[in-house]
Visitor: 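Take this structure, written in structure tokens, and hold onto it; I'll ask about it next.
For clarity, every value in this text was computed on a predicted model and none was experimentally measured.
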Amino acid sequence: MAPAGAPLRVLEFYSGIGGLRFSLEEAKIDATVVEAFEINELANDVYERNFGHRPNQGNIQRLSVSDLDKYEADAWLLSPPCQPYTRQGLQKDSADARASSFLKLLDTISSLSIPPAHVFIENVVGFETSHTRSQLIKVLEDTGFRIQECIINPLQFGIPYSRPRYFCLAKREPFQFSRSDLNGQLVSCPFDFSTNRDFHVETKTVGEYLENPSDCMEDYMVPSTTIARWGEAYDIVTPDSGRCCCFTKSYARYAKGTGSILVTNPSFYKYFSKDPAELSDLAWLQSAGLRYFTPREVANFHSFPKGFDFPDHLSIKQRYALLGNSLNIKVVGYLLNYLFST
């Protein structure tokens, strides 16, 4: 464990493209990521590009108690695979092989010489009713943790992006939450965690997250043949819209439920100013100048900093896929600030 006054020692599991580490920076936490773990090679390429450190690509299930003890970590940050719990998936829960590494980590906590003092977990909505979550809570309670849970949507922070997520925050005794009255509760509003009851956010529009128009936008235009086939399935927004839908790893590959597309013809903005227009006339819709959001714009909705970048060798589809598995840095930064506050 870190000596008093020294930076917190943090382990980052399922580090992806670095969302948790960026969130630590967003929260201005004095912390050092002593190791990150991620099995996806492309995600590690992105992480290394942005932080100059390549995560451990070994199988998390092979980490022993002694392996974890040697890090002397103050905090564990985890964003385990969400596929076992998604509503669109098979919902195999703990029986899904992709849940096994997380369950293995849970098994080690009670055997550690000095367990972490803080634990933070992010996952998809649906995790809160899973058997895995029940196992998580039992392990944390048995190891002396106080636990608070929430479901938060970036829309609640003024970000025009609908992507609700489950979060678990845990502190091991003698550490306590400033809002101890919320221990053992699942809340759905970030204001409940704030000591400032007048917490307010400024609502922004989609247009504030867009890149400057350029010739390269032609590469993101939705083909007319695609509109003719799938136009009625799209969620269509304008720069003036107050929300867009969650971008998944299948964005730009499938039409339904993978993320919004943007109207670029100003003459059509009025038809989508509030609720989506009736889209029965696909020929008319083809004149709206529909395009996909760029990977940089999707990163903006996830609150990635301006300096965030992808290695040149990653394709557009690979960038979408990696972003689809990421988290919202502003939301997580807010929660980490609360978790580490005394």
Side-chain angles (χ1 to χ4, degrees), residues 82-83 86-89 124-126 153-165 203-304 310 314-328:
C82 65
Q83 292 91 341
T86 56
R87 294 171 181 173
Q88 294 83 8
V124 69
V125 171
N153 195 323
L155 291 170
Q156 295 169 267
F157 282 74
I159 302 168
Y161 184 41
S162 182
R163 195 174 193 262
R165 282 298 184 268
T203 301
K204 297 184 178 181
T205 62
V206 166
E208 296 177 68
Y209 293 77
L210 302 179
E211 293 192 84
N212 293 327
S214 66
D215 293 338
C216 69
M217 291 302 173
E218 291 297 323
D219 296 336
Y220 296 95
M221 301 305 294
V222 183
S224 58
T225 53
T226 303
I227 296 173
R229 184 175 182 183
W230 300 109
E232 294 179 350
Y234 281 120
D235 178 80
I236 301 173
V237 299
T238 75
D240 298 327
S241 298
R243 72 100 185 97
C244 63
C245 289
C246 173
F247 299 103
T248 75
K249 64 181 182 180
S250 298
Y251 186 61
R253 292 171 52 206
Y254 300 102
K256 188 174 182 180
T258 63
S260 302
I261 58 175
L262 182 71
V263 175
T264 63
N265 185 338
S267 299
F268 284 74
Y269 289 176
K270 61 184 177 180
Y271 299 110
F272 301 90
S273 59
K274 293 183 181 180
D275 297 320
E278 182 63 42
L279 304 180
S280 57
D281 188 347
L282 296 180
W284 171 85
L285 187 60
Q286 289 173 338
S287 302
L290 301 180
R291 75 163 173 87
Y292 298 109
F293 287 87
T294 70
R296 177 64 250 187
E297 290 167 346
V298 176
N300 291 343
F301 286 114
H302 285 86
S303 304
F304 276 84
F310 285 101
L314 264 66
S315 69
I316 292 174
K317 288 184 179 180
Q318 287 171 330
R319 299 178 191 204
Y320 284 137
L322 292 170
L323 286 164
N325 289 325
S326 193
L327 43 76
N328 188 282

Visitor: Applying side chain to side chain donor-acceptor pair (under 3.5 Å), can you list everything that pairs with Ser303, at least two apart in sequence or on another chain?
Guide: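 Expected list: Asn328.
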Visitor: Say you draw a straight line from CD1 of Ile261 to CG of Asp235; how long is it, rounded to the nearest 0.5 Å?
Guide: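 CG of Asp235 is found 8.5 Å from CD1 of Ile261.
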Visitor: Quick one: closest heavy-atom pair of Asn153 and Pro164, and the distance?
Guide: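 Shortest heavy-atom contact: ND2-CD, 3.5 Å.
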Visitor: Hey, does Arg165 have a side-chain heavy atom less than 4.5 Å from the side chain of Val124?
Guide: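 SC-SC contact between Val124 and Arg165 confirmed.
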Visitor: So, does Thr258 use its side chain to make a donor-acceptor pair with the main chain of Thr248 at under 3.5 Å?
Guide: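 Absent.
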Visitor: Which heavy atom of Ser241 sits nearest a heavy atom of Pro160, and at what distance?
Guide: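 Minimum heavy-atom contact is O-CB, 4.5 Å.
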Visitor: Could you report the tightest heavy-atom contact between Gly324 and Arg163, atom names first, then the distance?
Guide: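 In this case the closest contact between Gly324 and Arg163 is O-NH2, 2.9 Å.
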Visitor: Roughly how far apart are Asn265 CG and Leu285 CG, rounded to 0.5 Å?
Guide: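 Spacing of CG (Asn265) from CG (Leu285) equals 11.0 Å.
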Visitor: Aromatic contact between Tyr320 and Phe247, with the criterion being ring centroids under 6.0 Å apart: yes or no?
Guide: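 No.
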Visitor: Do the side chain of Tyr251 and the main chain of Ser260 share a donor and acceptor less than 3.5 angstrom apart?
Guide: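 It does hold such a pair.
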Visitor: Step by step, work out the side-chain contact (heavy atoms from CB on, under 4.5 Å) result for Ser287 and Phe268.
Guide: CA-CA 9 Å; Ser287 302; Phe268 284 74; 3.7 Å; yes
Visitor: Which pair of non-hydrogen atoms, one from Ser162 and one from Leu155, has the smallest distance, and what is that distance?
Guide: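 Of all heavy-atom pairs spanning Ser162 and Leu155, the closest is CB-CD1, 3.8 Å.
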Visitor: What heavy-atom pair brings Pro295 and Arg319 nearest, and what distance separates the two atoms?
Guide: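 Scanning both residues, the minimum pair turns out to be CB-CB, 4.0 Å.
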Visitor: Is the ring pair Trp284/Tyr271 parallel, tilted or perpendicular, if the boundaries are 30 and 60 degrees?
Guide: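 Correct class here is perpendicular.
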Visitor: Phe293 pairs by ring pair (Phe, Tyr, Trp, His ring centres under 6.0 Å) with which of Tyr161, Phe301, Tyr220?
Guide: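 Answer to the ring pair (Phe, Tyr, Trp, His ring centres under 6.0 Å) test with Phe293 among Tyr161, Phe301, Tyr220: Phe301.
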Visitor: So, taking the atom named CG in Asn300 and the one named CG in Leu323, what distance separates them when rounded to the nearest 0.5 Å?
Guide: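 Asn300 CG to Leu323 CG: 10.0 Å, rounded to 0.5 Å.
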Visitor: Could you go through the side-chain contact (heavy atoms from CB on, under 4.5 Å) check for Val263 and Leu290 one step at a time?
Guide: CA-CA 5 Å; Val263 175; Leu290 301 180; 3.7 Å; yes
Visitor: When rounded to the nearest 0.5 angstrom, what is the spacing between CD1 in Ile159 and NE2 in His302?
Guide: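 These two atoms lie 10.0 Å from each other.
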Visitor: Taking only residues two or more places apart in sequence, or in another chain, which ones meet Arg291 in a side chain to side chain donor-acceptor pair (under 3.5 Å)?
Guide: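 For Arg291 the side chain to side chain donor-acceptor pair (under 3.5 Å) partners, ignoring immediate neighbours, are Glu297.
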Visitor: Looking at Ser315 and Gln318, would you say the former's side chain and the latter's main chain have a donor-acceptor pair under 3.5 Å?
Guide: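 Answer holds: yes.
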Visitor: Between the main-chain N or O of Val222 and the side-chain N or O of Thr226, is there a donor-acceptor pair closer than 3.5 Å?
Guide: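 The answer is no, because no donor-acceptor pair under 3.5 Å joins these two groups.
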Visitor: If every non-hydrogen atom of Trp230 is compared with every non-hydrogen atom of Ala255, which pair is closest and at what distance?
Guide: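 The answer is CB-CB, 3.6 Å.
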Visitor: From Tyr234 OH over to Ile227 CD1, what is the distance, rounded to the nearest 0.5 angstrom?
Guide: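 It is 7.0 Å, given to the nearest 0.5 Å.
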Visitor: Give, for atom CG of Leu210 and atom CE of Met217, the distance between the pair rounded to the nearest 0.5 Å.
Guide: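 Here the rounded value is 7.5 Å.
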Visitor: Check whether any side-chain heavy atom of Ser326 lies under 4.5 Å from a side-chain heavy atom of Phe304, and answer yes or no.
Guide: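 Yes, close enough: below the 4.5 Å cut-off.
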